[in-house]
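In what follows, every heavy atom counts, from backbone to side chain, and hydrogens, waters and symmetry copies are set aside.
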Amino acid sequence: MAARLTAVRDADPDGFALISSARATNEENYLAQKFARAVMGTNNVDNCSRLCHAPSAAGLAAAFGLGGGTNPFDDLDACDAVLLVGANPTAAHPVVGSRIFQRVMDGARLVVVDPRRTYLARHADVHLRPRPGTNVAVFNGLAHVLVREGLVDSAFLAAHATGYEELRVLLDDYPPARVAAISGVREDDLVRAALLYGEAAAPAIFYGLGVTEHKHGTDGVRTLSNLAVLRGAVGPGGGGGVNPLRGQNNVQGASDMGALPDLLPGYQKVTDPAARERCAAAWRAEVPARPGLRIPQMFASARSGALKALWVIGEDVLTTDPDSTAVRAALDACPLVICNDLFLSATAAAADVVFPVAAWLEKDGTFVNFDRRFQRVREAVAPPEGVRTDFEVLHAVAARTGTGLGCATPADAMAECAVVAPLFGGVSHSRLDREGPLHWPCGSAGSPGTPRLYQDGFATPDRRAHLAARHYLPPGEECDGEFPFLLITGRRAEHYNSGSMTRRTANLRLLGRETVDVGPDDAAALGIGGGDTVRVESRHGEAVLQVRITDDVEPGQVFAGFHFPGAAVNGLTSPVGDEATGCPEYKVTAVRLDAPSGSGRAGPIQPPR
């Protein structure tokens, strides 16, 4: 491998790309991005946050200054209202879901914005069910009501925010009647939701992939953040702030460590000469100044023949990435594909070189959870014979290229990261061992960390929160006569992401195969029943799935998970991405339902009029 990679580097460093892992430790992600930059000479490094929360990092940084949630999760206990948007935490984040449910049972008000009737939506004071792709209109509509009803914090806006006048003018275009026409939500429900949030003393916003995985996902994060700023419910104003629910155990940490094509550790721009010099001094290698390729661009480069080597660490891209037919074409076209994984996933099976690597229980290092909290990970059991950690594999390959990585241990890697990334200057293994978890920013050994951001002002250049005046724009796909249903994809409670772990457990007895969820009225009109098989076709691919009838989905919409590679659900999904970050639009795919051949029926099944 080292010989092949050295040849690629010598011919064209940008002929190499690396996809790091949101399930690897911080130290492994730090070493992976250092390998790409210091050993291979390219910024072509990314991680799966590209597919889920890249719009959060971009949107929150633009609004407040830093690309993380504003509050510690424990602030939930002090909130009297929760606005939960585009997330189903009882299925996808069970600890978070149970805590929110308990808070609601203790008296907090709950507004849920989600096309599906989730468990928490059934317990909400107001449930808004917008058509997927219309979030920006709904958030502008809520903001319109806050302004109209005098529920904005004028003193906070004057002292701590910019952009209010521009936003106020834009909001004139989003009265409840127009928002209802765009999104399908009821006017009176929109007003009730805005009043519940606007009249609360300490409201909190939690959101998930139903906000980010859209063509205009970054606009969604910005316009959702507007609500907290208008209410003065973030930073110096108190309240519960704005908090993304991250998708995997170390999605936050993988990005914190610089496994991104345009950002170095600690969210320093690769275009910033001072940041590059800081890294170059520690790494004893020049850092490229030009941002690298994002994951979708890596695949496009492979298909075009420009990418000569792709290293995938701990991701089953053939199962989880959108438009999987195009992903397979990229892997087939790339001359060298390397994969690190615990199991022989679909991606590993397609690779030229596979490194079997250790699980988290067999590692030493740290993770960062969704509220920016560094936590220690310690080896509890020894790996199987012949199995190395990702950290050790990266070291071994780098050594054989003749360019060492330094950082002999994970503790050394964290110490070096603290030198190059001011946000983490006070974080070390020894300190975490002595004191317990620390929230970043933690800039020095004397800093207690920062559980609650922006208490003394925002981290933007002018120290103010930036309101965003963003108009609603349509999603990347629309339903039509040929593809009349709208498919939403997401997680189910019984399995986790690609299912590579949970399908090896007794969870299969709870859910043994993927289904397509269809509403009862649609099913009755279509003449299909629970357990029937249908072929789901989109403009990008097809999948054959069993029908599950449920009132969780709205008429004209269907839902499927992506936990079973054989179901090929991501063969259906669109390659359209967020215009600012490239995050795929998993939540909006136009499909049709066909009776499969041999079923006794033929032809497309149309939704009821």
Side-chain angles (χ1 to χ4, degrees), residues 55-56 58-66 70 83 85-86 111 113 128 130 133-183 185 187 190-191 193-200 203-205 207 211-212 214-242 244 454 457-474 578-580:
S56 290
L60 294 173
F64 306 124
L66 294 171
T70 62
L83 176 59
V85 187
V111 175
V113 183
L128 303 181
T134 62
N135 284 338
V136 170
V138 172
F139 303 154
N140 282 343
L142 293 170
H144 174 102
V145 177
L146 293 179
V147 172
R148 186 185 72 186
E149 300 298 323
L151 295 173
V152 300
D153 188 331
S154 299
F156 177 88
L157 292 173
H160 299 292
T162 63
Y164 177 62
E165 286 305 314
E166 182 184 1
L167 175 62
R168 187 181 58 77
V169 171
L170 177 140
L171 294 179
D172 288 342
D173 291 338
Y174 292 90
R178 180 171 184 242
V179 173
I182 293 170
S183 68
V185 303
E187 290 182 52
L190 185 78
V191 173
L195 294 178
L196 280 176
Y197 180 79
E199 292 172 352
I205 295 173
Y207 71 89
V211 172
T212 58
H214 290 277
K215 183 178 180 180
H216 307 291
T218 300
D219 284 353
V221 174
R222 295 295 310 274
T223 51
L224 181 60
S225 299
N226 285 347
L227 302 178
V229 178
L230 290 172
R231 281 286 297 117
V234 62
V242 184
Y454 314 125
F458 294 95
T460 55
D462 60 5
R463 306 289 291 168
R464 291 171 173 264
H466 292 187
L467 290 160
R470 296 288 188 273
H471 275 293
Y472 159 75
L473 296 169
D578 172 46
E579 292 187 331

request  = Determine the minimum heavy-atom distance between V211 and G220, stating which atoms define it.
outcome  = CG1-C, 3.9 Å
ask   = For L167 and A468, which heavy atoms make the closest approach, and how far apart are they?
value = CD1-O, 3.6 Å
query = Tell me the salt bridge (charged side-chain N to carboxylate O under 4.0 Å, His left out) pairs involving residues 140-154, sequence neighbours left out?
reply = none
task = With rounding to the nearest 0.5 Å, note down the distance linking OH in Y197 to CG in L230.
result = 8.5 Å
request  = State, to 0.1 Å, how close F156 and G237 come at their nearest heavy-atom pair, and which atoms those are.
outcome  = CE1-N, 3.5 Å
query = What distance separates L171 CG from L146 CG, expressed to the nearest 0.5 Å?
reply = 9.0 Å
ask   = Which is it for Y472 and D219 under the side-chain contact (heavy atoms from CB on, under 4.5 Å) test, yes or no, and what are the steps along the way?
value = CA-CA 9 Å; Y472 159 75; D219 284 353; over 6 Å; no
message = Within the 3.5 Å criterion, strictly below it, is a donor on S154 or Y164 matched to an acceptor on the partner's side chain?
response = no
key: Separation between CG of L467 and CG of L227, rounded to the nearest 0.5 Å   = 10.0 Å
Closest contact, heavy atoms only, A137 versus I182 = CB-CG2, 3.8 Å
ask   = Between T218 and D578, is any side-chain donor less than 3.5 angstrom from a side-chain acceptor?
value = yes
task = Mind checking the CZ-CG spacing from R231 to L83? Nearest 0.5 Å is all I need.
result = 12.0 Å
query = For L142 and V111, what are the C-alpha separation, side-chain angles and deciding distance, and is it a side-chain contact (heavy atoms from CB on, under 4.5 Å)?
reply = CA-CA 12 Å; L142 293 170; V111 175; over 6 Å; no
inquiry  = If you apply the rule side-chain contact (heavy atoms from CB on, under 4.5 Å), what do you find for L195 with L151, and how did you get there?
reply    = CA-CA 8 Å; L195 294 178; L151 295 173; 3.7 Å; yes
key: Heavy-atom closest pair, residues V229 and A161   = CG1-CB, 3.8 Å
query = Are the side chain of R222 and the backbone N or O of A469 linked by a donor-acceptor pair below 3.5 Å?
reply = no
query = Between N226 (side chain) and N140 (backbone), is there a donor-acceptor pair under 3.5 Å?
reply = no
inquiry  = Restricting to ring-ring contact (aromatic ring centres under 6.0 Å, His included), what partner residues turn up for Y174, sequence neighbours left out?
reply    = H471
remark   = Note: V221 and P55 closest approach over all heavy atoms is CG2-O, 3.7 Å
inquiry  = Using 0.5 Å steps for rounding, measure from the CG atom of L60 to the OG1 atom of T70.
reply    = 8.0 Å
task = Evaluate the ring planes of H160 and F458, with Trp represented by its six-membered ring, and classify them as parallel (under 30°), tilted (30 to 60°) or perpendicular (over 60°).
result = perpendicular
inquiry  = Show me the pairs that pass salt bridge (charged side-chain N to carboxylate O under 4.0 Å, His left out) and involve residues 166-175, at least two apart or across chains.
reply    = E165-R168
remark   = Taken to the nearest 0.5 Å, the spacing of R464 CZ from T162 OG1 works out to 7.0 Å
Evaluation steps, side-chain contact (heavy atoms from CB on, under 4.5 Å), between L66 and Y454 = CA-CA 10 Å; L66 294 171; Y454 314 125; 3.3 Å; yes
